[in-house]
Amino acid sequence: MDRPALRTIAVVGLGTMGTGIADILARSGREVIGIDTNDAAARHAVAALEASTARAVRRERMSESERREVLSRFRTYPDIEAAAEAELVIEVVPEDYDTKCQVFAALDTVVKPGTILATGTNALSVTRLAADSDRPERVLGLHFFNPAPAMKLVEIVSSVLTSPEAVATVTELAHELGKDPIAVGDRPGFVADGLLFGYLNQAAAMYEARYASREDIDAAMKLGCGLPMGPLALLDLIGIDTARTVLDAMYAESHDRLHAPAPVLRQLSDAGLTGRKAGRGFYTYESPGSATVVADALTPDPAGSGAHGRPVSSVGVAGSGTMASGIAEVFAKAGYDTVLVARGAEKAEAAKARIASSFSRSVDKGRMTGEQRDAALARITPAGSLDALADVDLAVEAVAEDLEVKRQLFAALDKVCKEGAVLATTTSSLPVVACARATSRPQDVVGMHFFNPAPAMKLVEVVRTVLTADDAHATVREICGQIRKHPVDCGDRAGFIVNALLFPYLNNAVKMVQEHYATLDDIDAAMRLGGGYPMGPFELLDVVGLDVSLAIERVLHREFRDPGLAPAPLLEHLVAAGCLGRKSGRGFREYARR
């Protein structure tokens, strides 16, 4: 079968995505036939192309004559018959099966025998659309990401009926457009949205349960994972009705409760509060279509809860590992007298030496002066006994993630620390209240979960138990401001905010590989290019450590008892084989031994 030249391409549906795709195609030198029954949508698409090309001229990315040529290659029509001369038709009408079927049925009667028909769906079955077509071997999925001109990822979706030649032709086109195509099979959400929407759904459920505020959930995922947007703001951008459609399709196939749309998505969608396009969703916007968030009844009071924290002038840190050293560095740099306690004076001195090296690197990079380094280092007192914490106002433990070890430490802190001192645990997965109950003053115990590396990461999850006093909680929030960290409030349950949303997503990525749906490289590329993630899931798993990841996933599964949270067997097998990630030289990938 000869590959068509794909010089003339029709785009059916001139909404945001269709307009973006038309823009890319016209700039690439192709004749573009834009089709939309809504005359206003067609006019808007032309205006959008005029505006984007005008910007390109102003930025000297194209000449005025090139701009005129691009504009001349884009023509709009109200009827599907206009697609008759196209070698490829890309359908991007609303995510409704009947609507898409009608478009494909109409195209079957119009286009040439060799024309490829592509659907832009990210939720509906490509196989079903192909089976209902007169040319199933010529039907495939071509899933661009929004905004199409900027996003590099394109998922090319084959059904069992799609011919390899059609896939090859469209893959070649994607490369010519400067995109990074990945080939995937036909299942709802494909790779990127299949992982993304499960995570978004979990975030919506977390908000609905009033576990954390919308602002704290979004800030936690941006600052804790380096994501460009928080999940609830992203749902508003995507469209809550669209998200609900995708999740319904995913749940229909997987029957995984993690894909069952959170009721709040239905409530908002049914009320017409579909996100930015409606002017209101999880947040309220200046106007429909605006990206500017305005205050509403749920916006937090900048004055806070009204509780005042306890005075803190000195801080103690128990532990000698990377996290303990990093936390001590943060406090000392912020001006606090800091006692760093380890199991023995030698370990404490070694931890202080690591901090000294870190400070020196900051001096070399111009982030602090030599005088500032010397002053900060002088504020750190290493000690080999917990007795050195007798006079601190805040004691922070950063020892091994073992509940019995932490309980023993808190029992010891209870005996050593003065009355009124706040006792904080940096646990990422264990119950804070269990540490609190090991003391005679559970009201003084709070979670203060830093992220690694503590000097660089801005987020601190402030975990309040049912026993934590208001002023103890306020103390930690105020301290976060002093040390230039962003606090987010959450309750005492497994995973808090970040890990409870991050690790089910990582687990689902492992399941995709386990089921041979996609490769490690394609999944990592999909999430970097399609989701804006700084690292793909397998890159991140190997950095975090597969053993650490498995331990957190087991804690989540044990707490929530959801079958969908059960760790993927592939992850368990790799850990059992000693493949723990970068630290062992092999995880999902192999690494050079240092």
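One-based numbering along the sequence shown. Because only heavy atoms are used, hydrogens play no part in the values below, and waters and symmetry mates are left out as well, while side chains stay in.
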Trainee: Do the charged groups of Arg214 and Asp236 touch, with an N to O distance under 4.0 Å?
Mentor: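 No, this pair does not count.
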Trainee: Heavy-atom distance under 4.5 Å between the side chains of Asp193 and His143, does that happen here?
Mentor: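 Yes, their side chains come closer than 4.5 Å.
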Trainee: Pairing donors with acceptors under 3.5 angstrom, does anything connect the side chains of Thr162 and Ser159?
Mentor: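 Their side chains do contain a donor-acceptor pair, which is all the 3.5 Å distance test asks for.
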Trainee: Can you check whether Ala307's main-chain N or O pairs, donor with acceptor, with Asp470's side chain at less than 3.5 Å?
Mentor: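 It does not hold such a pair.
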Trainee: Please confirm whether the backbone N or O of Met448 pairs with a side-chain atom of Thr426, one donor and one acceptor, at under 3.5 Å?
Mentor: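 It does not hold such a pair.
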Trainee: With rounding to the nearest 0.5 angstrom, report the CD to CZ distance, Glu155 to Phe145.
Mentor: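 One gets 4.0 Å once the value is rounded to the nearest 0.5 Å.
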Trainee: Between Tyr517 and Val184 (side chain of the first, backbone of the second, donor and acceptor by atom type, cut-off under 3.5 Å), is there such a pair?
Mentor: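 Flag not set: sc Tyr517 to bb Val184 has no pair under 3.5 Å.
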Trainee: Indicate yes or no for a side-chain donor-acceptor contact from Lys179 to the backbone of Met151 under 3.5 Å, with no hydrogens or angles considered.
Mentor: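 Yes, Lys179 side chain to Met151 backbone: donor-acceptor pair under 3.5 Å.
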Trainee: Do Asp270 and Arg244 sit within salt-bridge range, that is, some charged N less than 4.0 Å from a carboxylate O?
Mentor: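 Yes, Asp270 and Arg244 are salt-bridged.
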Trainee: Is a side-chain N or O of Asp522 found less than 3.5 angstrom from the main chain of Ile182, in a donor-acceptor match?
Mentor: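 Side chain of Asp522 to backbone of Ile182, a donor-acceptor pair under 3.5 Å: no, none is there.
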Trainee: Return yes if some donor-acceptor pair links the side-chain N/O of Asn507 with the main-chain N/O of Ala566 below 3.5 Å, else return no.
Mentor: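 Answer holds: yes.
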Trainee: Is the closest basic N to carboxylate O distance between Arg493 and Glu559 below 4.0 Å?
Mentor: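 A salt bridge is absent here (no side-chain N lies under 4.0 Å from a carboxylate O).
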Trainee: Going by heavy atoms in the side chains, are Leu140 and Ile116 under 4.5 Å from each other?
Mentor: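 Side chain of Leu140 against side chain of Ile116, heavy atoms only: contact under 4.5 Å found.
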Trainee: When you measure from the side chain of Thr439 to the backbone of Cys435, do you find a donor-acceptor pair of N or O atoms at a distance under 3.5 Å?
Mentor: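 Absent.
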Trainee: Flag the pair Leu501 / Tyr505 as yes when at least one side-chain heavy-atom distance between them is below 4.5 Å, and no otherwise.
Mentor: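 Answer no - side chains too far apart.
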Trainee: Are Lys583 and Asp547 ion-paired here, with the side-chain N under 4.0 Å from a carboxylate O?
Mentor: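 Salt bridge present between Lys583 and Asp547.
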Trainee: Within the side chain of Lys100, is there an N or O that forms a donor-acceptor pair under 3.5 Å with the backbone of Glu91?
Mentor: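 Here the side-chain-to-backbone pair does not exist.
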Trainee: I'd like to know if Arg128 pairs up with Asp186 as an ion pair, taking the criterion as any Lys NZ or Arg NE/NH1/NH2 lying under 4.0 Å from an Asp or Glu carboxylate oxygen.
Mentor: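 Not counted as a salt bridge, because no side-chain N and carboxylate O are separated by less than 4.0 Å.
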Trainee: Checking the side chain of Arg441 only, and the main-chain atoms of Asp414 only, is there a donor and an acceptor separated by less than 3.5 Å?
Mentor: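 Between the backbone of Asp414 and the side chain of Arg441 there is a qualifying donor-acceptor contact (under 3.5 Å).
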Trainee: Distance only, no hydrogens: is a donor on one side chain within 3.5 Å (strictly under) of an acceptor on the other, for Ser325 and Thr322?
Mentor: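 Side chains of Ser325 and Thr322: no pair found under 3.5 Å.
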Trainee: Find out whether Asp524 and Phe588 are in side-chain contact, i.e. whether some heavy atom of one side chain is under 4.5 Å from a heavy atom of the other.
Mentor: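 Counting from C-beta outward, Asp524 and Phe588 never come under 4.5 Å.
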Trainee: Verify the neighbour count for atom CZ of Arg135: are there more than 12 heavy atoms of other residues, nucleotides or ligands below 6.0 Å?
Mentor: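 Buried by this count: over 12 neighbours within 6.0 Å.
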Trainee: Salt-bridge test for Lys277 and Asp241: reply yes if a basic N is under 4.0 Å from a carboxylate O, no otherwise.
Mentor: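 A salt bridge is present here (some side-chain N lies under 4.0 Å from a carboxylate O).
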Trainee: Taking the side chain as every heavy atom from C-beta outward, state whether Val422 and Val446 have any pair of such atoms under 4.5 Å apart.
Mentor: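 Yes, close enough: below the 4.5 Å cut-off.
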Trainee: Report yes if the side chains of Val488 and Leu223 come closer than 4.5 Å at any heavy-atom pair, otherwise no.
Mentor: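 Sidechains of Leu223 and Val488: no contact.
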